[in-house]
Amino acid sequence: MVKNFSIAMALMLAVVLQVSAQTVAPIDSDPALVPQPASLKVNTGQYLITESTRIGYAGKDSQVVAMAEGLAAYIKAKSGLQLTVMPTVQPLYNMIFIGIGQVPDSLGREGYTLSADKAQVTIKAKAAAGLFYGTQTLYQLIKLEVQKKLPMMSIPLVQISDKPRFEWRGSMLDCGRIFYSVDFIKKYLDYMAMHKLNTFHWHLTEDHGWRIESKKYPLLNEISSWRAGTQFDHSPDRQINPTPHGGYYTQDQIREIVRYAAERYITIVPEVEMPGHTLAVLAAYPELSCTGGPFKMPVQWGIQDDIYCAGNEQTFEFLEGILTEVVELFPGKIIHIGGDEAPKKRWKECPKCQARIQADSLKDEHELQSYFIKRIEKFLQTKDRSIIGWDEILEGGLAPNAAVMSWRGIQGGIEAARQKHPVVMTPTDFMYFDYYQGAPYLEPVAIGGMLTLEKVYSYEPVPAELSAAERKFIKGVQANIWSEFIHTPDKVEYMAFPRLAAMAELAWTPATRKNWEQFIKRMETQYKRYDEAGINYSRAAKNVWQQVELDSLSNTAMIRLQTQSYQPEIRYTTDGNEPTKSSTLYTEPFPLSLPGTVKAVVFEGNKPVGKISIQTVLAPALGERF
Ligand code: ACM
Ligand code: ZN
């Protein structure tokens, strides 16, 4: 009996030890937060979430209650622990507290403090937005390796004081060229929230599709939202998938998405393009063009000559009607009016446009575009809205209160800041996530360019040319996903991640705390978070780049292998075979006899990740050797 009892005890102990071994993870000095907080101190030890932990909240905002309940639901889903959620005026013992409270004013409404000691975890902020970001940090702190239906979770002991660097932390998705489902938009908003991004620039109208339900202009939905097919490659004949493509978001769906975003402290900035990128509208309402049409929606990508007629009053009546519907759907204070890539060819030949130029003593078609945008700005002001536009809106004179999105490099941003207008930086070279993120032969088709994770991370949004006073006009930074060659939600995720993590860190973290080596170390944990969230992120940062330095005299090449990931285990071959776990481990540059081929890949455990990089180096021609 006694013997059996001790066996039972031993078994129980073994179970407890096993649970402990899995739940009480070793302390990692770096909790791998992405984006990195403004100030972070890590202490030894951890707070254990057990069945007696309570979640307390303080604040009248129903969203504070929702955050507490959301956290309880998350902990239940991951560990099975059913924690009590309760209102409280202050943090109590053995409690995770989320509350509006005293924090330094300097943290602003998006800042927060998070403190974890052995007795309690406390998140405080001045406003619900700050609490939301504090809870996003908390989700990252809860140890991943213990989120396996086990009755304990842990949080490393930390002191965090955090706030964003920029007020505009944006991500744009082109739903004009490709219509993505409501469910996917919501997922995308979840992913944005996870990265503490707060502005979803929703590109809703294009030459290739109109995506907003209009009660006033029903042909926008009948005609402008559907096209006959879709170009899918860069071949000379630009091949078409002949399946009709289209759809639009109903007004109810838009309201639902706006609400969903607001619950994640994300403002939606809808983009209604003008005067260019409007062929879809002209296909339905050709009278708004200079020539009168008729028009068909294009199935191939490219800039269209036919744009709204600026000399036609009907154009402005139409836009005022549409914008009235749009502002009723989107409560955010800013409307994006496009303004980019509007060829002036038709305006030059159009009697109505020319008459407007004459009547208003405008110098040229650029001033006519400026007239157009100013008129729309004025109308939107009557609706208590301001405008933002692509940097072309600088041409011909900026509308008095317009903000500028600098995309053709940084010059537009510099100029707008000097004119004391708010600026969002989104230059193609650093912020266009439709560019390749790795060697094109290993990547799915992209629009072109080359924008690696490291290059995104290297970007500094505030141009050095600006004075201290001018710098204040740089309101933030944004990454853009254009859909010409991104046709599925999976591919959106592939192109967005992990680059959006780098962009989020530029947007949130003080520049002085930027550190590439440390970022890629933290990203190893972030990739696990992506796995857990089911995000189809790219492994291009784990593909091997081969640098070749020819040595003509010895007929060899020095091969240097690199990745954009932390301490990669690179294995390679030079015999033409695919690398395996037993292939040579790369430790330093090595000589390759020419001609020769190197195949290299990163291993994690016993498995290769990413794609095998292949480089064949030919012997230099005889003449080149001497
Ligand atoms: C743009 O890329 N046309 C703004
Ligand atoms: Zn015209």
Side-chain angles (χ1 to χ4, degrees), residues 170-177 201-208 269 271-279 281-282 285-293 295 301-316 318-319 336-360 362 364-369 371-373 375 388-395 403-413 416 423-435 446-449 451 478-486 495:
S171 172
M172 188 220 73
L173 185 60
D174 171 8
C175 297
R177 290 184 177 87
H201 171 175
W202 200 2
H203 187 79
L204 283 164
T205 75
E206 254 308 330
D207 292 307
H208 305 84
V269 175
E271 181 176 357
V272 178
E273 278 267 23
M274 62 188 79
H277 287 282
T278 46
L279 201 54
V281 176
L282 302 182
Y285 298 100
E287 63 274 22
L288 305 179
S289 71
C290 290
T291 65
F295 305 104
W301 312 124
I303 297 172
Q304 306 293 325
D305 283 335
D306 288 289
I307 66 176
Y308 289 134
C309 177
N312 183 349
E313 276 309 296
Q314 275 180 293
T315 298
F316 295 95
F318 167 81
L319 285 171
H336 200 303
I337 50 73
D340 60 319
E341 299 178 322
K344 305 298 184 289
K345 186 166 190 270
R346 296 285 184 256
W347 287 3
K348 285 194 168 104
E349 296 157 358
C350 170
K352 283 186 266 185
C353 286
Q354 291 304 314
R356 175 84 73 199
I357 286 176
Q358 289 283 314
D360 282 68
L362 304 173
D364 57 14
E365 289 72 24
H366 291 301
E367 288 202 359
L368 183 57
Q369 168 148 337
Y371 160 90
F372 195 117
I373 303 295
R375 197 167 154 176
I388 189 166
W390 300 110
D391 56 45
E392 286 92 331
I393 67 170
L394 281 153
E395 295 164 4
V404 171
M405 222 168 232
S406 189
W407 73 279
R408 296 175 302 175
I410 62 171
Q411 211 48 43
V423 172
V424 175
M425 298 304 287
T426 178
T428 52
D429 283 353
F430 296 94
M431 289 292 130
Y432 269 43
F433 288 6
D434 52 344
Y435 281 19
I447 197 140
L451 178 52
Q478 175 172 299
N480 298 330
I481 297 182
W482 299 102
S483 297
E484 281 96 335
F485 297 100
I486 301 176
M495 299 305 273

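One-based numbering along the sequence shown. Both counts, for ligands and for their atoms, begin at 1 and track the order of listing.
Distance alone, capped at 3.5 Å, is enough to place a donor-acceptor pair between the Asp207 side chain and the Thr278 backbone. Of the possible donor and acceptor atoms, one in the side chain of Thr315 sits under 3.5 Å from a partner among the backbone N and O of Cys309.
For atom 3 (N) of ligand 1, the nearest protein heavy atom (residue, atom name, distance) is Asp340 OD2, 2.6 Å.
Geometry note: the Zn ion (ligand 2) is the vertex, Cys353 SG and Cys290 SG are the arms, and the angle is 110° (rounded to 10 degrees). Here the angle centred on the Zn ion (ligand 2), running from SG of Cys350 over to SG of Cys309, is 110°, rounded to 10°.
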Trp390/His203 under ring pair (Phe, Tyr, Trp, His ring centres under 6.0 Å): CA gap, chis, key distance, verdict: CA-CA 12 Å; Trp390 300 110; His203 187 79; 7.2 Å; no
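Taking the six-membered ring wherever Trp is involved, the centroid distance between the rings of His208 and Trp301 falls below 6.0 Å.
Counting only N and O atoms by type, the side chains of Ser289 and Asp306 include no donor and acceptor under 3.5 Å apart.
With a heavy-atom cut-off of 4.0 Å, Glu341 touches ligand 1 through its side chain alone.
Of all the atoms in ligand 1, the ones that sit under 4.0 Å from a non-hydrogen atom of Trp482 are 1 (C), 2 (O), 4 (C).
The distance criterion of under 3.5 Å between nitrogen or oxygen atoms is not met by Trp407 with respect to ligand 1. For a threshold of 3.5 Å applied to N or O pairs, the pair formed by Tyr432 and ligand 1 contains at least one separation below that value.
A salt bridge between Glu287 and Lys352 is absent, with no side-chain N of the basic residue lying under 4.0 Å from a carboxylate O of the acidic one.
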